[in-house]
Every structure is written in C-alpha cells, then in structure tokens.
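Working notes, structure below.
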Amino acid sequence: MTDGERVLIFSSEKTTMNDDYSLMGGETVGAVEVEELIGNFAKIQPTVNSLIERAKDASSDGSLQEVTVSLGINAKGAVGFLGTGAEIGGSATLTLKYKI
C-alpha cells in the first residue's frame, strides 16, 4: 500500500541524505519512506497509549475529557517527544487528540 511512497519533512536540521533540497531560508527537506515513518511512530505509540490510559485513570470523575499529544518529527523521520526521539532540530509536528 505505501511501498516506495515518501513524505517530505521540512526542518532547519541538515541531513546526510543525497536527495535533500535546500529551500529559501536554508531549510532542508528530508524525504522519508512512509513505512519508516510508520515504524518510527509505532516505537513511541506504546508510551503515548500508556499516557492516555493514565490520564483516563486520573480522571475517574470525568473532569478530564480530552488529551492532546504533540510529537516532533525530524528531517530523518524520527518521531518522539521533543528532546527524545525527535531531535531539537525537528520542526514538523504530529498532533494527536484523544477523547477520554
């Protein structure tokens, strides 16, 4: 389904990929395989799921109705919380909103 498809990631971080393109302002575009991006997201997904479950448990009275989680994606396709899997140079953000 996603075989060979690529996602372009805009970041101020320089990569060593041969197919990067310089944009105005010195930004770099990283072309990441969709399957690699999905795999990187799958690595952090258990942590996100655990956080959501803890939020549900902490809000047993129903006062918390929604949780929003933003993950950084760097030019190499790493996905994570800022300062962990997604390096500080990452500028793309994946925002997930959970109704609990």
Side-chain angles (χ1 to χ4, degrees):
M1 174 167 72
T2 58
D3 191 34
E5 290 182 48
R6 302 178 98 184
V7 174
L8 296 180
I9 309 249
F10 297 85
S11 175
S12 58
E13 170 185 345
K14 298 294 182 192
T15 68
T16 57
M17 300 168 68
N18 293 332
D19 55 357
D20 286 350
Y21 303 94
S22 275
L23 300 175
M24 291 173 37
E27 288 185 326
T28 299
V29 175
V32 179
E33 295 286 332
V34 171
E35 289 299 325
E36 180 180 356
L37 192 56
I38 290 169
N40 292 342
F41 176 71
K43 291 176 186 174
I44 191 127
Q45 193 170 6
T47 302
V48 172
N49 291 344
S50 178
L51 291 171
I52 299 307
E53 287 304 313
R54 289 176 188 244
K56 284 180 186 178
D57 293 345
S59 183
S60 59
D61 66 353
S63 60
L64 182 63
Q65 298 177 0
E66 187 175 277
V67 174
T68 302
V69 178
S70 294
L71 301 174
I73 305 172
N74 73 7
K76 299 171 191 165
V79 178
F81 299 102
L82 190 59
T84 58
E87 299 161 14
I88 292 174
S91 62
T93 304
L94 175 64
T95 302
L96 309 170
K97 190 176 284 192
Y98 297 86
K99 301 261 186 212
I100 60 172

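In this chain, numbering begins with 1 at the start of the sequence shown.
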Gap separating the [atom1] atom of [X] from the [atom2] atom of [Y], nearest 0.5 angstrom:
X: Leu64; Y: Ile100; atom1: CG; atom2: CD1; value: 3.5 Å
X: Glu33; Y: Asn40; atom1: CD; atom2: CG; value: 12.0 Å
X: Leu94; Y: Ile44; atom1: CG; atom2: CD1; value: 10.5 Å
X: Glu5; Y: Leu37; atom1: CD; atom2: CG; value: 12.0 Å

Sequence neighbours excluded, which residues qualify as side chain to side chain contact (heavy atoms under 4.5 Å, CB included) partners of [X]?
X: Thr95; answer: Thr68, Ser70, Thr93
X: Ala58; answer: none
X: Gln65; answer: none

Applying side chain to side chain donor-acceptor pair (under 3.5 Å) to Lys99 and not counting sequence neighbours gives Glu66
Taken in chain and number order and not counting sequence neighbours, the residues that satisfy side chain to side chain donor-acceptor pair (under 3.5 Å) with Ser63 are Asp61
Taking every heavy atom of Phe41 against every heavy atom of Leu71, the minimum-distance pair comes out as CE1-CD1, 3.8 Å
Heavy atoms of Ala42 and Pro46 approach each other most closely as O-CD, 3.2 Å
Salt bridge (Lys or Arg N to Asp or Glu O under 4.0 Å) pairs touching residues 38-53, sequence neighbours excluded, are Glu53-Lys56
(Q) Test side chain to side chain contact (heavy atoms under 4.5 Å, CB included) on Val69 and Ile52; report intermediate values, then the result. (A) CA-CA 9 Å; Val69 178; Ile52 299 307; 4.2 Å; yes
